[in-house]
Amino acid sequence: MDGRPIGVFDSGVGGLTVLHEILVTLPHEDVVYLGDNARLPYGPRPLEEVRRFALEVGHALECRDVKLVVVACNTATAAALPELQQRLAVPVVGVLQPEAHAAALATRNRRVGLLATEATVASGRYEQLVRAHDASVEVISVACPRLVPLIEGSDPFGDETIDAVRAVAGPLKEAGVDTVILGCTHYPILRPIFQRIFGREVTLVFSAEETAREVAETLERKAIGNAGGREGSYRFLTTGDPASFAETGKRFLQLPLGRVERVTIAQAAPAAA
Ligand code: DGL
C-alpha cells in the first residue's frame, strides 16, 4: 500500500476531463492537480519549449512526493512523454496512445480526423501511433489554435466557440472521416458542440476513461495503490490566478475545488540552440 497522491498536470483546466475519470475509477486515491496556467497555451509553442515546461512541471510534482504522474495534456505528451519517463523516478502515464488505438479500432472507412493543438499536429505522433495499430488508416489533421483560449476564456460555450468548432470541423467533414480524435484534453469540455456539428454518424474519440484505466492498472501492477474503502482527497495548484482557476474548474468539473494554491515552478535553462 502506498498513501502518496497521484500527480496530474495540464497547461490549464483541460486535464480536469482526465481527472474526472480518475476520481470515478479510483475514488480512494489522493490527487494533486497542477495547471500551468501562467504559461498557457502550450499549443502554439515550439515542441522543445513545451518539453522543457513538461519536465519542469513533472519535477515540481515529484517534489510534492507523488507516486505517479499523469500527463493530462496531449501537447505535453506529444512533446515529452519519453523524456518524462526517462527523467522522473516515478511512473508516467500519457494520453495519446489510448486515443490512437481507439480511433484505429473505431474507423470503418479508414479515414480518421485529428483535432489538436498546433504543436501536437506538428509532432506527427498521432499519425505514427494510429498507423502502428493499422497501417491502412489515413489521418487527416487540423490544428485548432482558437479553441484552448476560448475554453479558458469568459464565454466557453458562446458564438465564437461554435464558429471556431465549425471552422475546424469543415475540412474533416469534406474529407469524409467517420472518426474524429479530440486530441486535446480541453476539447471534451465541448463534446456536445462537436457531436452536434459532426452528427451522430461520426465517432468522437478521447482518452480520459482509457487513461484512468491505465493509471489503475499501473498502480495495481506496481503495488502502489492506496487502501480501498477510504475517500480520497484532492488538491489543486496553479501557476496562474487561483480564483479564476477555481471558478472555471468548478464549472467544468462540477465539483467545488476548495482552496486553489498558487505555485511557482523552478525553471530550467532553455537548451542551447
Ligand atoms: N490540454 C492541452 C492539450 O491537451 C492544451 C494545450 C494548450 O495549452 O494549448 O493539448
Query - Intermediate values then yes/no, salt bridge (charged side-chain N to carboxylate O under 4.0 Å, His left out), Glu49 and Arg45 - result: CA-CA 6 Å; Glu49 188 176 29; Arg45 297 175 187 272; 3.3 Å; yes
Report summary line: When every non-hydrogen atom of Leu115 is compared with those of Phe194, the smallest separation belongs to CD1-CE2, 3.4 Å
Query - Closest contact, heavy atoms only, Ala116 versus Gly183 - result: CB-O, 3.5 Å
Requested in this report: Compute the centroid of each ring, for Phe206 and then for Tyr187, and state whether the two points are separated by less than 6.0 Å.
Outcome: no
Query - Residue pair Tyr126 / Asn74, side-chain donor-acceptor N/O under 3.5 Å - result: yes
Report task. Indicate whether the side chain of Thr248 and that of Glu152 have a donor and an acceptor atom separated by less than 3.5 Å. Result -> no
Report task. Please name the pair of heavy atoms, one in Leu47 and one in Ala119, separated by the smallest distance, quoted to 0.1 Å. Result -> CD2-O, 3.5 Å
Query raised in the report: If Ile, Leu, Val, Met, Phe, Trp and Tyr residues are connected whenever their side-chain heavy atoms lie under 4.5 Å apart, and connections chain through other members, are Tyr234 and Tyr33 in the same group?
Result: yes
Query raised in the report: So, Arg52 and Glu48, do they make that salt bridge, N to O below 4.0 Å?
Result: no
**Report entry** Presence of salt bridge, Asp178 and Arg110, under 4.0 angstrom
**Finding:** no
Query - Nearest-0.5 Å distance, CD of residue Gln97 to CD of residue Glu210 - result: 10.0 Å
Query raised in the report: Within a reach of under 6.0 Å around CZ of Arg230, are more than 12 heavy atoms found that belong to other residues, nucleotides or ligands?
Result: yes
Report task. In sequence, state the C-alpha distance, the side-chain angles, and the governing distance for Arg39 and Glu56, and then conclude on salt bridge (charged side-chain N to carboxylate O under 4.0 Å, His left out). Result -> CA-CA 12 Å; Arg39 301 190 286 191; Glu56 288 166 2; 2.7 Å; yes
Report task. Anything under 30° is parallel, anything over 60° is perpendicular, the rest tilted; go ahead and classify Phe157 against Phe252. Result -> perpendicular
Query raised in the report: Measuring from Leu182:CG to Thr17:OG1, what's the distance to the nearest 0.5 Å?
Result: 10.0 Å
Report summary line: Smallest heavy-atom separation, Pro98 atom then Glu214 atom, equals CG-OE1, 4.2 Å
Query - Ser11 versus Asp36, side-chain donor and acceptor atoms under 3.5 Å - result: no
Query - Glu138/Arg131 under salt bridge (charged side-chain N to carboxylate O under 4.0 Å, His left out): CA gap, chis, key distance, verdict - result: CA-CA 8 Å; Glu138 189 186 348; Arg131 293 170 72 89; over 6 Å; no
Query raised in the report: So among Thr75, Thr120, Leu55, which one has a side chain to side chain contact (heavy atoms under 4.5 Å, CB included) with Val50?
Result: Thr75
**Report entry** Gap between atom NE2 of His186 and atom OG1 of Thr117 - 0.5 Å precision
**Finding:** 10.5 Å
Query raised in the report: Between Glu29 and Arg4, which heavy-atom pair has the shortest distance, and what is it?
Result: OE1-O, 4.4 Å
Query raised in the report: If you take all heavy atoms of Lys67 and Val90, which pair is closest and at what distance?
Result: O-CB, 3.5 Å
